[in-house]
Amino acid sequence: MAEEPEPVNTMFEDAVDALRLGERARGKEILTRLLKTDQNNSNYWIWMSAAVDTAKERIYCLETALKLDPQNAIAKRGLVLLGGIQPDEDVQPFPLNRPRAWENDLLLAHEKPEEKAGGLRSPLARVVIVVLAAALVMAVVSYALLSTRGTAIFRPAATRTAGPTAPFTLTPTFVNATEPPRSTQIGPTPLAALLGISYTPTPLAVLTPRSPLSADYYRAAKAAYEQGNWDEYIQQMEAIQKAEPTAADIPYYIGEAYRLQGQCRQALNYYNESLKVSDQFAPGYVGLAQARLCSDPNADVSQLYDAAIDADPKFGPSYLARANFHLARRDAKSALKDLEQADKLLPNSALVQLAYAEAHLQAGDNVEGLAAARKANSIDQTLLPSYYFLGYADTLNGRFEEAIKPLQTYLIYEPEDGSAYALLGQAYAQTEDYEAAIAPLKQALKYDPNQVRSYIYLGTASLRTGDIDSAFDYYQRALDFFPDSFDANIGLTEAMYRKGTFGSAYLQAETSKSKANDDTQMALVLYWRALSQEGRNAFGDALDDWQALLAMPEDVMTPEMRLTAQEHIAELITATPTSKGGTKTPVPTKAPPSSTPTPKSSGGGTPTATFTPMVFGTLSQTPTVTKTP
């Protein structure tokens, strides 16, 4: 008997459940099937707007729903939110006594709250109501719309600079350096949706009451900003500037819009305009400094930050901006001093705590750096750089397993950050998940050729996964950059031995000996030199190395290393006559191990020479013993 088709109502419920669980692809697939059977169902189109990827597609879906049902309040609210239509008094806000109204099968399309007489007949009051309506719709409909705004919540607006700078230079602007979305961007599920939390935008750094004449322009500017429509945003703000020529914040906002697009010269002009209106407008100086850095990352803008603080000593973002300026120049001491003041003026600020994390890590206080990174993440889980610094701080504290998850989250939204891939690859290698380590380490070198320490980890990961030729090549590349690295030298020793070039392995073991810094590393040298000596038939020298290894403290080697040494000594002292004179030559009766022992981590190490701090702990060799060469 043929299988009966799934009931349409069940399919629709499945689609809604999928979207609520964040499974947009599955929800989109089900809704597409439903729309093929019934293209005139407005509810299908409304929910399809939650499944598509771009603002244009969302607007199309909501416009279609509105054509099918001109009184559909959900579609109207969504279009107002996306800037598809202008709000009017017919678009009512969600009733406050129904905070989860979207759960009731979208019945809001038929709700008509009663209009109260009196104040609502005033045009100004109607404008206020519409603005409040838009705010409420943002809170309730954001789940259904899943706008692309979320994908850019976490991208710091300030670009990375060449030279010895930290990975992030966060800028406290009127949106706290959060770059607004591009309406055409198709990316992963917004972090807020991924975490199942609501994103609360940071309050504006400058709160200036708007003139009633500017309310419409301001509302349109806000809608354009939400869509990343910069031309429209700037046009509306310039209209407000004409209506309010004495408002210093309007040219500042326009300057921010240009700066966030990378148009630094135009931004400079508008910041200067804001300061012409008022030379005591602190944000103008901060913006001017950021625009200067945008044009020239090495510019000394300290005087501009000083001027901002002189103009308004209680404007906290000035201290935070100056702290980040110091961090970009590796001056953690000066940054910490500014952050103390910023913390007083901006209590419970995720950006302040994030800057604290970077400052402590720069100063070498890894424990405090981890604590600050955790605090920043707990204050605002949608702040993407906090995941980078969580992973980075965990790595510096030797918490490699804990570093993996935050780095994975970060890379979902910053898929071209070489330093983050390098940290993730290191974390996998240190937890002995070598197969997982290889891909991110290769990505690290692809997106940031300066992450050269990745060659060491790639060499070790290749050895552990049996790719000896690749391991040999990676270790040689690593030694081009780190000739004194014990890990690279001893790794190359093992690779040569496994390739069967025992003479070269012996010579490389001698080089490794000169790079050893402790007994654990010296034990590894003796182990591989003994095996290499056996390979080149220097059995007497091999016996000396095995005996020297057994003479070392047990805690500098693994039990497997010690057992291997005992077995090979027993074999080597079993002599076989080979010469006419009756002398005896030791002949091993068992083949050397195909893998190496697992010593304790040597620790220590030096930081990478690149501007993105990738690795501060050296990789311990982690071999295990078998019986086949």
Side-chain angles (χ1 to χ4, degrees), residues 422 425-426 429-430 432 434-435 437-438 441-442 444-445 449 451-536 538 541-542 545 549 557-558 561 564 592-606 608-609 614-615 617-626 629:
Q426 177 194 0
Q430 294 283 13
E432 300 183 13
Y434 297 112
E435 288 187 0
I438 292 174
L441 289 169
K442 288 182 177 178
L445 291 165
Q451 298 299 332
V452 289
R453 192 173 289 273
S454 297
Y455 288 118
I456 299 178
Y457 290 94
L458 277 168
T460 301
S462 298
L463 269 180
R464 301 298 160 256
T465 55
D467 188 354
I468 308 304
D469 289 336
S470 293
F472 182 84
D473 293 337
Y474 285 133
Y475 281 131
Q476 285 193 318
R477 291 295 304 275
L479 288 172
D480 290 340
F481 300 100
F482 305 104
D484 294 328
S485 166
F486 176 79
D487 288 323
N489 277 282
I490 199 66
L492 185 59
T493 302
E494 179 182 352
M496 289 175 169
Y497 173 81
R498 297 205 181 285
K499 286 171 70 71
T501 55
F502 303 119
S504 297
Y506 165 73
L507 294 175
Q508 186 60 40
E510 288 292 297
T511 302
S512 300
K513 180 181 177 181
S514 67
K515 312 300 180 184
N517 297 312
D518 53 38
D519 286 346
T520 298
Q521 294 179 347
M522 184 56 69
L524 277 172
V525 171
L526 290 173
Y527 179 90
W528 284 110
R529 192 171 68 179
L531 289 176
S532 301
Q533 296 281 32
E534 288 184 8
R536 56 196 291 265
D541 292 334
D545 281 341
L549 179 62
M557 68 190 82
T558 64
M561 289 176 72
T564 300
S594 65
S595 186
T596 54
T598 308
K600 290 186 177 181
S601 173
S602 59
T606 56
T608 173
M614 178 273 193
V615 178
T618 59
L619 182 72
S620 61
Q621 303 295 313
T622 52
T624 55
V625 120
T626 63

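Note that the structure is a prediction, hence the values are computed from the model and not measured. FYI, the numbering just counts along the sequence from 1.
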So which pairs with a foot in residues 500-521 pass ring-ring contact (aromatic ring centres under 6.0 Å, His included), sequence neighbours left out? Y497-F502
Between [X] (side chain only) and [Y] (backbone N and O only), is there a donor and an acceptor less than 3.5 Å apart?
X	Y	result
S512	N489	yes
T460	Y457	no
Q430	Q426	no

Atom pair [atom1] ([X]) and [atom2] ([Y]), whose distance is rounded to the nearest 0.5 Å:
X	Y	atom1	atom2	answer
M561	L549	CE	CG	5.0 Å
Y474	S454	OH	OG	10.5 Å
R536	D541	CZ	CG	7.0 Å

According to side chain to side chain donor-acceptor pair (under 3.5 Å), who are the partners of [X], at least two apart in sequence or on a separate chain?
X	answer
Y455	R477
S532	none
D467	S470

Scan residues 499-514 for pairs that pass salt bridge (charged side-chain N to carboxylate O under 4.0 Å, His left out), counting only residues two or more places apart or in two chains. D469-K499, E510-R529
Would you please name every residue forming a salt bridge (charged side-chain N to carboxylate O under 4.0 Å, His left out) with K515, sequence neighbours left out? D484
Looking only at heavy atoms, which two atoms of L492 and Q476 are closest? And how far apart? CD1-CG, 4.0 Å
Within the 4.5 Å heavy-atom criterion, are L445 and L458 side-chain neighbours or not? yes
